Enquirer: 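Submitted below is the structure of interest, expressed as structure tokens.
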Amino acid sequence: MAIFDFLRPKKRAKPGPREDLPEEVGRVVKILERIRDPETDLNIVEEGLVYGLTVEGDRAEVFLLMARSTPECHACQMLAINVQRKILREIISTLREEGFNRVEIYNELGLLLEEG
């Protein structure tokens, strides 16, 4: 290792989901890319809300990063909660339409947010 190797640009990861995902997980990622955040109109995968998936047969566990950024503004908290609920309902209904009989959604702390 040369002394100035740290100055060389590192290879950047391509945007989007990894290409080496198991087929069933990749399928769920593609399904979740259809779901949009109503505030930003970005899909929830592109926006970085989805940080983990477990898929076993007709069961899917989705792990979301749903941190609140407005702890002092009560009106803002209510809007954030309503947006979160809309996203959760849409994830469940979309995955159910695609044949998943059991859908569980967890937050970044591992707490169950919604199931269906």
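All of these numbers come straight from a predicted model, not from anything done at the bench.
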Enquirer: Roughly how far apart are Asp41 CG and Glu46 CD, rounded to 0.5 Å?
Expert: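 Between atom CG of Asp41 and atom CD of Glu46 there are 9.5 Å.
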Enquirer: Rounded to the nearest 0.5 Å, how far does CG of Asp58 lie from CD of Glu98?
Expert: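 These two atoms lie 13.5 Å from each other.
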Enquirer: Please say yes or no: joined through hydrophobic side-chain contacts below 4.5 Å, possibly via intermediate residues, are Ile31 and Leu42 part of one cluster?
Expert: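 Hydrophobic grouping puts Ile31 apart from Leu42.
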Enquirer: Is Arg34 salt-bridged to Glu97, cutoff N-O under 4.0 Å?
Expert: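 Not counted as a salt bridge, because no side-chain N and carboxylate O are separated by less than 4.0 Å.
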Enquirer: Taking all non-hydrogen atoms of both residues, which atom of Pro38 and which atom of Lys86 are closest, and how far apart?
Expert: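 Minimum heavy-atom contact is CG-CD, 3.8 Å.
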Enquirer: When you look at Arg36 and Glu47, which way does the salt bridge (charged side-chain N to carboxylate O under 4.0 Å, His left out) test go after all the steps?
Expert: CA-CA 9 Å; Arg36 299 216 167 275; Glu47 192 172 37; over 6 Å; no
Enquirer: Any pair with a residue in residues 81-116 that passes ring-ring contact (aromatic ring centres under 6.0 Å, His included), sequence neighbours left out, goes on the list, sorted by first then second residue, please.
Expert: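 Qualifying pairs: Phe63-Tyr106.
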Enquirer: Do Leu95 and Val62 make a side-chain contact, defined as non-hydrogen atoms from C-beta onward lying under 4.5 Å apart?
Expert: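 Touching, per the 4.5 Å side-chain cut-off.
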Enquirer: Using 0.5 Å steps for rounding, measure from the CZ atom of Arg85 to the CG atom of Leu113.
Expert: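 One gets 11.0 Å once the value is rounded to the nearest 0.5 Å.
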Enquirer: Examine Leu65 and Leu112 and state if one hydrophobic cluster contains both, with Ile, Leu, Val, Met, Phe, Trp and Tyr joined whenever side-chain heavy atoms are less than 4.5 Å apart.
Expert: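 Same cluster: Leu65 reaches Leu112 through Ile, Leu, Val, Met, Phe, Trp or Tyr contacts under 4.5 Å.
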Enquirer: For Glu90, which of Thr94, Ile92, Ile87 qualifies under side-chain contact (heavy atoms from CB on, under 4.5 Å)?
Expert: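 The single option meeting the side-chain contact (heavy atoms from CB on, under 4.5 Å) with Glu90 is Thr94.
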Enquirer: Would you sort out whether Arg59 and Glu104 count as a side-chain contact (heavy atoms from CB on, under 4.5 Å), showing the intermediate values?
Expert: CA-CA 8 Å; Arg59 181 172 179 252; Glu104 297 173 352; 3.2 Å; yes
Enquirer: Measure the CD-CD1 distance between Glu33 and Ile44 for me, rounded to the nearest 0.5 Å.
Expert: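 Glu33 CD to Ile44 CD1: 9.5 Å, rounded to 0.5 Å.
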Enquirer: Salt bridge check, Arg102 against Glu115: does any charged N sit closer than 4.0 Å to a carboxylate O?
Expert: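 Yes, charged N to carboxylate O under 4.0 Å.
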Enquirer: Identify which one of Leu88, Asn107, Leu32 satisfies the side-chain contact (heavy atoms from CB on, under 4.5 Å) criterion when paired with Leu64.
Expert: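 Between Leu64 and the candidates, side-chain contact (heavy atoms from CB on, under 4.5 Å) is satisfied uniquely by Leu88.
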